[in-house]
Amino acid sequence: MIPKMRAIAIDDESSHLIAIQQATTKVGFGCLPLLYPSEAQAEKLQSIGQQGTHIRIIISDLHLDSTSQTRGPEASYSLIANLIHQIHLPPWTPYVFVLWTQYPEEVQGLTTYLENRLQLFQLPGLVISLDKADYNIPSGEPDYEKLWKDLREKISGSRGLNVLLQWEKEIILAADNVVRRLLEVARGNKNQAITFDSELDRVLSSIAQTATSRKFASREPRTAANEGLLPLLIDEMEHLTVSPEQKSRWTAALTKAVSQEKIPPVASEIAILNDALHISRTGTTTGADRGAVIPRWHDDVTFHEIFGIKIADAYRIFGLKKWPDDYSIKYIQIEGLCDSTQQKPGVVPFSLACEILGSVALEDKIKPASVEESPTYLDPSGKEQKLVINLRYFFTTERSKAISYVADFRLRESMISKWAFSWATHAIRPGIVEF
């Protein structure tokens with residue numbers, strides 16, 4: 001429950017490790033010291049990366065092996081690259097690699113080596129060098145103030161990494177404000193006792209039930225409580241008080257936005273951005289979840305009975321001249337946000353859709369007004385795909401039945417809200433003739 005360390009220090013000298021840990025602790029972040037090689041075995045390193053440690057800094061001596069220095073710089077680089085690989089950080093972890101060395105020119109060699117040997121999702125966001133001797137390590141009392149000052153200055157050399165860490169810090173600050181407010185409410189009865197379990201139970205349970213329903217909160221207390229707490233967290237983020245220095249990190253990182261330069265996404269990035277913004281493949285999603293994209297579950301006969309059209313001919317209702325070689329039928333759960341949040345009993349609606357390659361164009365002359373296209377996104381194999389939905393073709397099924405169907409993925413709130421609104425608007429549209 002308590003946040004774990006944010007840094008790892010690796011060295012082959014125990015006295016150096018003690019001094020490094022002392023210095024990092026005094027500047028305010030936890031650091032796990034690992035004596036090489038006895039405490040840096042593959043199994044231990046792997047367990048560190050997989051335990052949700054949220055590592056943001058890796059500190060390592062350049063010469064971890066006395067023989068590597070005699071075998072040339074690449075021997076030392078190889079040891080370091082292997083250690084990073086064995087730590088098994090979660091993919092795309094934003095971290096700084098700090099190289100302890102008297103030879104700062106080695107940073108470029110190490111940087112090039114890591115770029116060539118590590119996979120893209122393993123790379124550090126920045127490689128910097130610091131000299132232990134500059135901070136009295138291990139000869140005397142570590143100069144932790146100078147260490148922190150130099151570390152901050154060097155990290156600021158990466159505008160991108162700096163702003164990611166800043167944003168993460170702001171989220172933590174906003175969450176801290178929410179947590180303290182909850183404690184204030186829980187202790188509002190002026191009970192002087194240390195323990196507040198019962199009071200917080202009452203507050204959070206009330207929030208969970210009010211945001212959803214008593215039945216849903218009994219099954220999914222975490223999800224139900226979050227329905228009430230997340231809007232509060234977002235409000236805290238939007239109104240967080242930040243210092244001029246913190247604001248400057250955003251200004252430095254978003255130079256194109258600050259200069260009002262129009263930034264259309266690079267063609268190769270569009271599907272990647274859309275995938276990140278609109279598609280969720282994390283966690284188990286079922287047909288009972290709003291935005292769930294369910295693979296076809298009807299056979300040809302049942303499909304025809306429900307929609308009045310054969311699957312072989314259904315391409316027409318999506319504005320296609322024929323089925324492309326690569327397509328699949330999908331059903332999109334499109335219920336209202338309130339009903340979804342409270343998981344109300346009864347039926348849930350599914351709109352008919354198909355998934356096709358992003359390069360397949362619809363025919364405007366035959367595309368029905370009830371058809372909507374998603375932006376292109378990436379499927380797990382890396383192909384650019386898109387969803388085409390026809391809002392006139394939908395059916396309902398009981399929630400208790402829908403929950404038994406596992407989704408391929410889930411559309412995030414912005415996309416499903418757009419389509420749910422279009423669905424409702426299309427259903428009540430007036431018959432207006434315009435020329």
Within the structure provided, determine whether [X] and [Y] are in side-chain contact (heavy-atom separation under 4.5 Å).
X    : Y    : answer
Y95  : I58  : yes
L204 : L229 : yes
D61  : I10  : no
D11  : I20  : yes
P94  : E168 : no
I334 : L391 : yes
D197 : L200 : no
L110 : L99  : yes

Using a 3.5 Å distance criterion without hydrogens, assess whether the side chain of [X] forms a donor-acceptor pair with backbone atoms of [Y].
X    : Y    : result
S259 : K256 : yes
T251 : K247 : yes
Q21  : C31  : yes
R159 : A252 : yes
E106 : Y103 : no
T223 : E220 : no
Q41  : P37  : yes
K310 : V301 : no
S218 : K215 : yes
S78  : E74  : no

Any chance the side chains of [X] and [Y] put a donor and an acceptor closer than 3.5 Å?
X    : Y    : result
S198 : D201 : no
D289 : T285 : no
Q108 : T112 : yes
S374 : H278 : no
D379 : S381 : yes
R219 : S213 : no
N390 : S370 : yes
E335 : Q333 : yes
E170 : W250 : yes

Under 4.0 Å between a Lys/Arg side-chain N and an Asp/Glu carboxylate O for [X] and [Y]?
X    : Y    : value
R249 : E245 : yes
R222 : E227 : no
R202 : E199 : no
E153 : K149 : yes
D176 : R180 : yes

Query raised in the report: Roughly how far apart are I311 CD1 and L352 CG, rounded to 0.5 Å?
Result: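 Rounded to the nearest 0.5 Å, the CD1-CG separation comes to 9.0 Å.
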
Report summary line: Output for pair (E384 CD, D275 CG), nearest 0.5 Å, gives 10.0 Å

Minimum heavy-atom separation for [X] and [Y], please, with both atom names.
X    : Y    : result
K386 : A361 : NZ-CA, 4.4 Å
A407 : A292 : CB-CB, 3.9 Å
Q86  : A42  : NE2-CB, 3.7 Å
V127 : V107 : O-CG1, 3.6 Å
S422 : E372 : OG-OE2, 3.5 Å
I207 : G228 : CG2-CA, 3.9 Å

Requested in this report: Determine which pairs satisfy side chain to side chain donor-acceptor pair (under 3.5 Å) with at least one residue from residues 321-332, sequence neighbours left out, and list them in order.
Outcome: H298-Y331, D326-K383, K330-D408

Report task. Could you give me the CA-CA distance, side-chain angles and deciding distance for N162 and L126, then say whether side-chain contact (heavy atoms from CB on, under 4.5 Å) is met? Result -> CA-CA 10 Å; N162 213 19; L126 184 66; over 6 Å; no

Using a 6.0 Å cut-off, check whether atom [atom1] of [X] has over 12 heavy atoms from anything other than its own residue.
X    : atom1 : value
I403 : CD1   : no
E105 : CD    : yes
R412 : CZ    : yes
E398 : CD    : no

Requested in this report: Only one of V178, V179, N226 passes side chain to side chain contact (heavy atoms under 4.5 Å, CB included) with L233; say which it is.
Outcome: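 Of V178, V179, N226, side chain to side chain contact (heavy atoms under 4.5 Å, CB included) with L233 is met by V178 alone.
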
Query raised in the report: In chain order, what residues pass the ring pair (Phe, Tyr, Trp, His ring centres under 6.0 Å) check against Y36, with sequence neighbours excluded?
Result: none

Report summary line: In F395, F307, Y405, the residue satisfying ring pair (Phe, Tyr, Trp, His ring centres under 6.0 Å) with F350 is F395

Query raised in the report: Do R281's NZ or CZ and the ring of F409 fall within the cation-pi criteria of under 6.0 Å and 45°?
Result: yes

Query raised in the report: Between R290 and S417, is a side-chain contact (heavy atoms from CB on, under 4.5 Å) present by the stated rule, with each step listed?
Result: CA-CA 9 Å; R290 171 177 155 97; S417 289; 2.9 Å; yes

Query - Verdict with reasoning, L89 to F121, per side-chain contact (heavy atoms from CB on, under 4.5 Å) - result: CA-CA 9 Å; L89 294 175; F121 62 81; over 6 Å; no

Report task. Go through I389 and W423 one step at a time and tell me if the side-chain contact (heavy atoms from CB on, under 4.5 Å) criterion holds. Result -> CA-CA 10 Å; I389 185 172; W423 178 54; over 6 Å; no

